[in-house]
Protein chains: 2
Amino acid sequence: MNNKYLKIYNELAKQIETGEIKPKSQLPSENRLSKEYDLSRGTVRKALDLLVQNGYIQKVQGKGSIVLDINKFDFPVSGVVSFKELSQKLGQDSKTILLELDILQGDEFLMEELHLDKEDEVWKLVRVREIGGQKIILDKDYLKRDAVPLLTKEICEDSIYEYIEGELDLKISFAKKLISVEEPTQEDKDSLDLAGYNVVVVVKSYVYLEDATLFQYTESRHRPDKFRFVDFARRRH
Amino acid sequence: MNNKYLKIYNELAKQIETGEIKPKSQLPSENRLSKEYDLSRGTVRKALDLLVQNGYIQKVQGKGSIVLDINKFDFPVSGVVSFKELSQKLGQDSKTILLELDILQGDEFLMEELHLDKEDEVWKLVRVREIGGQKIILDKDYLKRDAVPLLTKEICEDSIYEYIEGELDLKISFAKKLISVEEPTQEDKDSLDLAGYNVVVVVKSYVYLEDATLFQYTESRHRPDKFRFVDFARRRH
DNA sequence: GAGTGGTCTAGACCACCTT
DNA sequence: AGGTGGTCTAGACCACTCT
């Protein structure tokens, strides 16, 4: 990328993450930054807006920009993050087991969830995620076939997100997630090490591409004790 | 507010919410909008960026802006939303019962969570939320005394957010939330109608003011079957 | 080639805070 | 008064899509 505002955003974000710029300290003013980086103030502001959005800094009119304590939480699941990215961040031993890989057509439930026609084909994949030797998560994914022509066992046990964004050139732009708690189904009981819990945490995700088409529906079913979700939210006034 | 970009944002958002502008339709181009509203293109773009952020539209370079189906979910808890705002949106019968209202000082747990000194005083309030006659949520709030000098039973049973933002002039700017599932404590069992469930969903919130100072820590403990959380997330590339 | 959104600039004025 | 961030403008050029 040649974007100037992304460059300065990434530089500042990195410095904040590594602690080079310390929490509670002041960032240089917008005018100083635009001189130092030889950019217009508008471009600097765009970079700072990104830092605000992602929780790195807080701006106060008339005063300046304060660096926030980003390391207060160490489990940043907010946003669309795949299992592989996640376990890498956690540094834990993890494994993915593929239970099912099929092509469906004309399923009523899916036609509802994915807004499908009768003829549309859908990949169904069921995977179990193991962390530290325990089966913790059951993932049921449904992907539109016309966006993803081919899926193999290897891809599914690696990261479908990497494959979709890397190999294919699809760009994921946003997702809606719904978190609830439900009674375990027989499938949950069979596939997961539930350790006596009588509920599972269910995360239903609707994933959209850059052209605003819905292309994936996922149900991620978690053993409750291992489930965590972090949200950073700015209040809309 | 005199802000032009907010005016046009609100107009467009309202038209999308009411269905006056239909999902999947195209918004007028940025140039058209800037002519129609007699604004510079930059100001129009700022309004559209807000619409993108809040999930109203999706932009596609070279094509235009597509209106998204905002009504797909009817439970927008994403962001910092108070119980009162929430139950109003749901239109359900609700009640708040105040169990405890105290001033604490020198509590170790709180000094950790709220970054306090020994001398700092903290309001502790414990409230039970009733929806449809059932005790569903147990809220334990801790507020910094120096920000909120006075609290009464009436305020606590109404909405502290309204009081804090309306009467006092404090502005809440952002919050970090952590969602997890835990075993019920004795307090949970005593205060809530748990209906046989052996877990509670715990939402821990850290709420910050506009000057980036932490001023509230809240534990919101939910009966699992009534808990829902909706997240709208754009993927950070 | 015409139209769309994305980036960047330079300058102006305002609202707010500090001294 | 001087510095800070917030808003707004007018204009330029680029990247992308459609036909």
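Between A:Phe229 and B:Phe229, the ring centre distance stays below 6.0 Å. Proximity of the aromatic rings of A:Tyr208 and A:Phe215 is defined here by a centroid distance below 6.0 angstrom, and this criterion is not met.
Nearest-nucleotide assignment on DNA chain C puts the 5′-proximal partner with A:Val44, out of A:Val44 and A:Lys63. The residue among A:Gly62 and A:Leu39 whose nearest nucleotide of DNA chain C is located toward the 5' end is A:Leu39. Sequence order on DNA chain D of the closest nucleotides to A:Asp49 and B:Asp38 puts A:Asp49 first from the 5' end.
Neither side chain, B:Glu219 nor B:Tyr142, offers a donor N or O lying under 3.5 Å from an acceptor on the other. A:Tyr56 and A:Glu17 share a side-chain donor-acceptor pair at under 3.5 Å.
Note that the first and last nucleotides of DNA chain C, 5' to 3', having any atom under 4.0 angstrom from a heavy atom of chain A are C:dT7 to C:dT18.
The closest donor-acceptor contact from the side chain of B:Trp123 to the backbone of B:Val148 lies under 3.5 Å.
Remark: P of D:dG3 and CZ of A:Arg41 are 14 Å apart, rounded to the nearest angstrom. Between B:Lys59 atom NZ and D:dC16 atom P the separation is 16 Å, expressed in whole Å. Summarising the geometry, the separation between CD1 on A:Ile66 and C1' on D:dG5 is reported as 12 Å, rounded to the nearest angstrom. Summarising the geometry, the separation between CD on A:Gln58 and P on D:dG5 is reported as 13 Å, rounded to the nearest angstrom.
Both the sub-6.0 Å distance and the 45° axial angle are satisfied by A:Lys46 relative to the ring of A:Tyr5.
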